[in-house]
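Residue numbers start from 1 in every chain, and the chains themselves are labelled A, B, ... in the order their sequence lines are given, proteins ahead of strands. Keep in mind that this is a model prediction, so the values were computed, not measured.
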Amino acid sequence: MSSHIHVSPTGLFWENTFFNLALAVYLIAVLCYLAHLLGKEQLGRFASHLLRLSFLVHTAFIVTRAINVQRVPFVGSFEFGNMFVWATVLVYLWSEWRMQEQFYAVGAFVTPLAMLYLAYLTVVPLLFPAIRISRVHSRLAPVLQNKWLTVHVSTSIFGYAGFTLAFAAAVMWLLKRYLKSDHLITRALPGSKTLEEYMYRGAAFGFLFQSAMIITGAIWADISWGRYWGWDPKEMWALITWFVYAVYLHARFTRGWTGLRTVVLVMLGWVCMVFTWIGVAWLLSGLHSFG
Amino acid sequence: MTPEKTDLSAQENKKSALQQLLQFLSSMQLGLILLILLAVISVFATLQENETAISNIYHSWWYLGMMAFTALNLLLCTIRRFKPLTKLVFRPQKLTSPASLRKLPHHCELPLTQTTTEAAALAQAEAVFQRQGLQVEVNTGPAGKVLFAERGKIGYFGSLVTHFSLLVILLGAMYGSLTGFEQRSGGLAGDHFHVAEGGFRVDIKDIRMEPEEDPTVRPRVFSELEVTKDGRQLAAGTVAINQPLRFSGNSIYHTTFRYVADVLAKDLTSGREQQLKLWDVDRLQLDREGKVNLHVMQFFPNFSMRQGGVPYSKNYLPENPVLVGLLIENGIAVRNVFLRLNVPEVINTGSGEVELLMSGFEQAAVFTITRNLGRPILFSGAVLLIIGLYLCFFTFPRRYWAVFDQDGGSLIIGGRSRNRLLLAKELEQLQKDITSRGGEADV
Ligand code: HEM
């Protein structure tokens, strides 16, 4: 049983407005990034500006949501999903800035992924009634009122964001490899070596935060339930994801693996990550208790 | 020969069988195989019912054995890498030659003007390296003066610290489970229970219930506990959700709460009275032969009935408390019995009549008592893991060598780092800085 919070109409209005606005500007930014990829090179910078703008609006949404629910909004699929998208865009923008805005093409792959995640929160439940994404404002259950949970969720969104970036680079690597070298897209993409470095940085970044997420989750579980590890499917899938990226990092780091083999590992890791996030809740939901 | 060959493969030609075995046990191939196996088995396990997976897989000898094998792999790898790694970090090869620098994947060659001397070129490079925050030294070897510059060497310990931390975590988990226990106990305010494995006694001094603003949400229960051993106090405090009582590796957690009904049972034939405290699942014998029994089903604080006769509680407010039981005669369920507060219920047992009267109810708390002596070890391991991963991925130890090639009159700079992008960028910058400074010097 969860307890609903009464939200003022004004609060609700701003929350919905910011959300819809962020969604709309994100979509336009995605289109501009894609146009950049498909030859309209001058749109890259514009796309980046739009993305920053939508990120700010999205931040405003998260802040209003926080005010409306009177806490950090990270509980339930809707709030967590938004935090996750927010972190993904932040990490991407940071990487874009770090790479001195040389590669807007990466944005043409990261931002559609972020849109895919947002689609899971908005469109997918309309298509699949079995998937319900509640937007209800609810109070935190007592067991969730713990500062370690806040750290747990904060680290998880950055872990997932890093893996998303790595996955985007992996997709680009495949395109670079299998499209003709004079193809429009191929020419817009960074070199294979740079993409592998992107993949590596993203995976390493994600791996650090994924590790921190597992640890802080265990600390929270130890305080709340009297056990730090319960072999719960959600815990296990987080660990499986961790294993896959550990394999990738070892293979690359010491065994010097490059190319397709590492790309496959990074993609597999992403699949595990998405399954941990979404799959466990809907497909293994009969077996465990939290989503 | 390139500077800093870190792998040991070159020396591994002739080895005894034991050495080869140790080699394999400490190898990353084995590490990768184990990681993949653990991942695949875990995927399979999550498709099972969780309780089944725990007993059949996670707690099976072979799964735990595989974990132990992983620990062994990590331990041997850590030991084997330790000496070469400290050598790499603290006694790096500082001398090199133009030829070997040219073989490095990242190197550059700066043709300098005829007038530039070796000393001037190296001095320029030294100044630029220092400005980049690198530690620089110049040594003389067979090929002449060699400049050696490095930064962030602590980062080389990343994998060692990471592996060690994983060992610490596994060790902490093992130690905790070997020395630990878990027990579930509960009671009413004023009750006490013993924790045999811990050798202590727990007194429930008080149980307080704080309803939530929204009465459909489970109220919070706060229990005042005192833990004693041979009359000596070990700990005392409040236990609630997210607020365990901890003392010397033991923890007492709030697990759940129950309502316990005070019921007066009166044999109307003999006039005998019995005051009872009834918990859910208690069984109450109503006749002398034991053929008629009441199975206590559930206590509803605010009783109501759904369509179709399913009882439920509207919320947690004790506005209409009802204890529901099932009357069993000769092993067959006959009917439900609803005990309302202060409303007597008479049951005909065939051999007489029994009157049941619920006169009140209390809250009982249920606790989980555990011992985990591995907690500090686990925590240290976790902290080390984060430090280790940070060192692995966010510090970029790098080294540069520069020599003046007398023949070509050029300065050759080579670099090594895990971070190739950073290396390329930094090398380019160094090159730019040295050239521009060189220009100045020559004017
Ligand atoms: C269950 C987890 C792990 C196992 C079983 C494992 C096992 C191993 C083994 C056996 C090696 C080979 C040592 C050698 O040949 O010199 C190795 C190397 C390495 N591992 Fe791990 N490892 C694990 C986790 C990690 C993690 C989480 C990291 C962090 C990124 C890591 C980083 C490294 C690095 C950097 C090396 C290369 C060592 C070096 O060149 O100094 N390992 N690992």
Side-chain angles (χ1 to χ4, degrees), chain A residues 1-4 99 139 141-146 148-149 193-194 197-198 200-201 203-205 207-208 211-212 214-216 218-220 222-234 236-237 239-244 246-247 249-251 253-255 272 275 280 283-284 286-288, chain B residues 7 28-29 31-32 35-36 38-40 42-43 45-51 53-54 57-59 159 162 169 173 176 182 212-214 216-218 220 240-244 251-255 315 367-370 372 375 378-379 381-383 385-386 389-390 392-394 418-421:
Chain A
M1 271 188 270
S2 72
S3 152
H4 296 187
M99 303 293 270
R139 231 175 281 283
V143 73
L144 300 179
Q145 294 173 11
N146 184 296
W148 284 105
L149 179 67
K193 285 277 165 255
T194 309
E197 195 69 25
Y198 235 113
Y200 171 63
R201 308 263 79 197
F205 180 87
F207 193 72
L208 175 74
S211 309
I214 295 176
I215 290 169
T216 50
I219 294 175
W220 167 51
D222 184 41
I223 293 171
S224 293
W225 295 310
R227 57 151 184 86
Y228 54 87
W229 193 259
W231 307 100
D232 182 281
K234 190 111 178 164
M236 286 313 289
W237 272 93
L239 190 67
I240 291 162
T241 308
W242 191 85
F243 282 149
V244 173
V247 168
L249 291 168
H250 277 79
F253 213 64
T254 11
R255 300 204 61 77
C272 291
F275 193 80
V280 173
L283 300 176
L284 305 179
L287 311 178
H288 92 135
Chain B
D7 63 342
M28 194 161 67
Q29 281 100 313
L32 289 178
L35 281 175
I36 293 170
L38 282 170
V40 171
S42 306
V43 169
T46 59
L47 303 177
Q48 320 285 309
E49 173 76 42
N50 201 215
E51 296 303 318
I54 289 178
I57 298 175
Y58 303 131
H59 286 176
S159 67
T162 306
I169 289 173
E182 186 176 320
E212 293 283 323
E213 212 176 300
D214 175 351
T216 59
V217 174
R218 268 178 102 73
R220 292 227 213 175
I241 289 180
N242 267 328
Q243 193 184 327
S251 309
I252 303 180
Y253 298 90
H254 170 84
T255 301
N315 52 39
F367 308 98
T368 304
I369 304 96
T370 66
N372 182 359
R375 198 175 280 113
L378 284 165
F379 195 77
V383 172
L385 176 61
I386 297 301
L389 289 174
Y390 180 81
C392 271
F393 302 124
F394 293 87
R418 290 195 295 250
N419 189 339
R420 294 169 228 157
L421 284 188

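- Both the backbone and the side chain of B:Ala173 come within contact range of chain A, with heavy atoms under 4.5 Å apart.
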- Task: Apply the test side-chain contact (heavy atoms from CB on, under 4.5 Å) to residues B:Asp214 and A:Arg139: give CA-CA distance (whole Å), side-chain angles for both, the deciding distance (0.1 Å), then the verdict.
- Result: CA-CA 10 Å; B:Asp214 175 351; A:Arg139 231 175 281 283; 5.6 Å; no

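- Counting heavy atoms from C-beta outward, B:Ile241 and A:Ser224 have side chains that stay 4.5 Å or more apart.
- Closest heavy-atom contact between A:Ile240 and B:Ala39: CG1-O, 4.0 Å.
- For the options A:Trp229, A:Phe205, A:Phe275, A:Trp148, heavy-atom pairs under 4.5 Å to chain B are most numerous at A:Phe205.
- Heavy atoms only, all atoms of each residue included: B:Phe394 and A:Ala204 are closest at CE1-O, 4.5 Å.
- Interatomic distance, CE of A:Met236 versus CG of B:Leu47, reported as 11.5 Å (0.5 Å rounding).
- In terms of heavy-atom pairs under 4.5 angstrom with chain A, the leader among B:Val43, B:Asn242, B:Ile57, B:Ile54 is B:Asn242.
- Rounding to the nearest 0.5 Å places CG of B:Leu385 at 5.0 Å from OG of A:Ser211.
- Counting only heavy atoms from C-beta outward, the side chains of B:Gln29 and A:His250 never approach each other to under 4.5 Å.
- Looking at A:Ile219, the atoms closer than 4.5 Å to chain B (heavy atoms on both sides) all sit in the side chain, from C-beta outward.
- Across A:Pro233 and B:Thr46, no two heavy atoms sit closer than the pair CA-CG2, 4.1 Å.
- Heavy atoms closer than 4.5 Å to chain A are found in both the backbone and the side chain of B:Ile386.
- Note: A:Phe243 CZ to B:Ser42 OG = 5.5 Å, rounded to the nearest 0.5 Å.
- Judged purely by atom type and a 3.5 angstrom limit, B:Tyr58 has no side-chain atom pairing as donor or acceptor with the backbone of A:Gly230.
- Residues A:Ile215 and B:Phe379 form no side-chain contact, since every pair of their non-hydrogen atoms from C-beta on lies 4.5 Å or further apart.
- By the 30° and 60° cut-offs, the orientation of the rings of B:His59 relative to A:Trp231 is perpendicular.
- With a 4.5 Å cut-off on non-hydrogen atoms, B:Leu378 touches chain A through its side chain but not through its backbone.
- Side chains of A:Trp225 and B:Tyr253 form no contact here, defined as non-hydrogen atoms less than 4.5 Å apart.
- Neither the backbone nor the side chain of B:Ser251 has a heavy atom closer than 4.5 Å to any heavy atom of chain A.
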- Message: Show, in sequence, the C-alpha distance, side-chain angles and deciding distance for A:Tyr228 and B:Asn372, and conclude whether the side-chain contact (heavy atoms from CB on, under 4.5 Å) test is met.
- Response: CA-CA 10 Å; A:Tyr228 54 87; B:Asn372 182 359; 3.3 Å; yes

